[in-house]
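Worksheet: the structure to be examined is printed underneath.
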Amino acid sequence: MTSTAAASSSPQSRLPATDLDLALAELDSAEDFLKFFQVSYQPEVIQHRRIELLRQFYQQLANTQKQTPMLGWQHYKSALNRAYCLIQKGEQVGFAASKCGDCQKCD
């Protein structure tokens, strides 16, 4: 069995995709996420912080998922809105330390 076949047989890959999952897969940019979830934003705020916005968004989702395992559209919208507000305030997401223990192999 190839690694691709092994990856496609994971339990998560056998779960049916929801309409929300399919819609999210189509979003390419921070602006796409903001428009999709109808979060008002100022382009100049995210112009140079798109990646930071998405990091904040996924961090907010992770925090929400600890309390509510089944997230819906409103959870995503709220997480994105909180992330945008944090970006406006200049907040940054901390990076988790690498777990590999030997960063020289990555160079």
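Count residues from 1 along the sequence.
How far OH of Tyr76 is from OH of Tyr58: 7.5 Å, rounded to the nearest 0.5 Å. Considering CD of Glu91 and CD of Gln59, their distance stands at 12.0 Å, rounded to 0.5 Å. Note that CG of Leu34 and CG of Leu54 are 8.0 Å apart. Values are rounded to the nearest 0.5 Å. With rounding to the nearest 0.5 angstrom, the CG atom of Leu80 is 8.0 Å from the CZ atom of Phe33. The distance from the OH atom of Tyr84 to the CG atom of Leu53 is 8.5 Å, given to the nearest 0.5 Å.
Hydrophobic cluster membership for Met70: none, as no Ile, Leu, Val, Met, Phe, Trp or Tyr side chain comes under 4.5 Å of it. Cluster partners of Leu86 are absent, since no Ile, Leu, Val, Met, Phe, Trp or Tyr has side-chain heavy atoms less than 4.5 Å from it.
His75 approaches Leu61 most closely through the heavy-atom pair O-CD2, 4.3 Å. Residues Arg49 and Gly90 approach most closely at NH1-CA, 3.7 Å, considering heavy atoms. Of all non-hydrogen atoms in Asp28 and Asp32, the two that sit nearest each other are N-OD2, 3.0 Å.
The side-chain contact (heavy atoms from CB on, under 4.5 Å) search around Gln38 returns Trp73, Lys77, not counting sequence neighbours. Remark: Ser40 pairs with no residue by the side-chain contact (heavy atoms from CB on, under 4.5 Å) rule, at least two apart or across chains. Residues passing the side-chain contact (heavy atoms from CB on, under 4.5 Å) test with Arg82 are Gln60, Thr64, Ser78, Ala79, sequence neighbours excluded. Among residues two or more places apart in sequence or in another chain, the salt bridge (charged side-chain N to carboxylate O under 4.0 Å, His left out) test is passed with Glu31 by Arg50.
Atom CD of Gln47 has more than 12 heavy atoms from other residues, nucleotides or ligands within 6.0 Å. Counted within 6.0 Å of CG on Leu71, heavy atoms from surrounding residues, nucleotides or ligands total more than 12; the atom is thus considered enclosed.
For Thr18 (side chain) and Asp21 (main-chain N/O), a donor-acceptor pair under 3.5 Å exists by modelled atom type.
The aromatic rings of Phe57 and Phe37 are tilted relative to each other, their planes meeting at an angle between 30° and 60°.
Put simply, Phe36 and Val45 are part of the same group of oily side chains (I, L, V, M, F, W, Y) that touch within less than 4.5 Å, one to the next.
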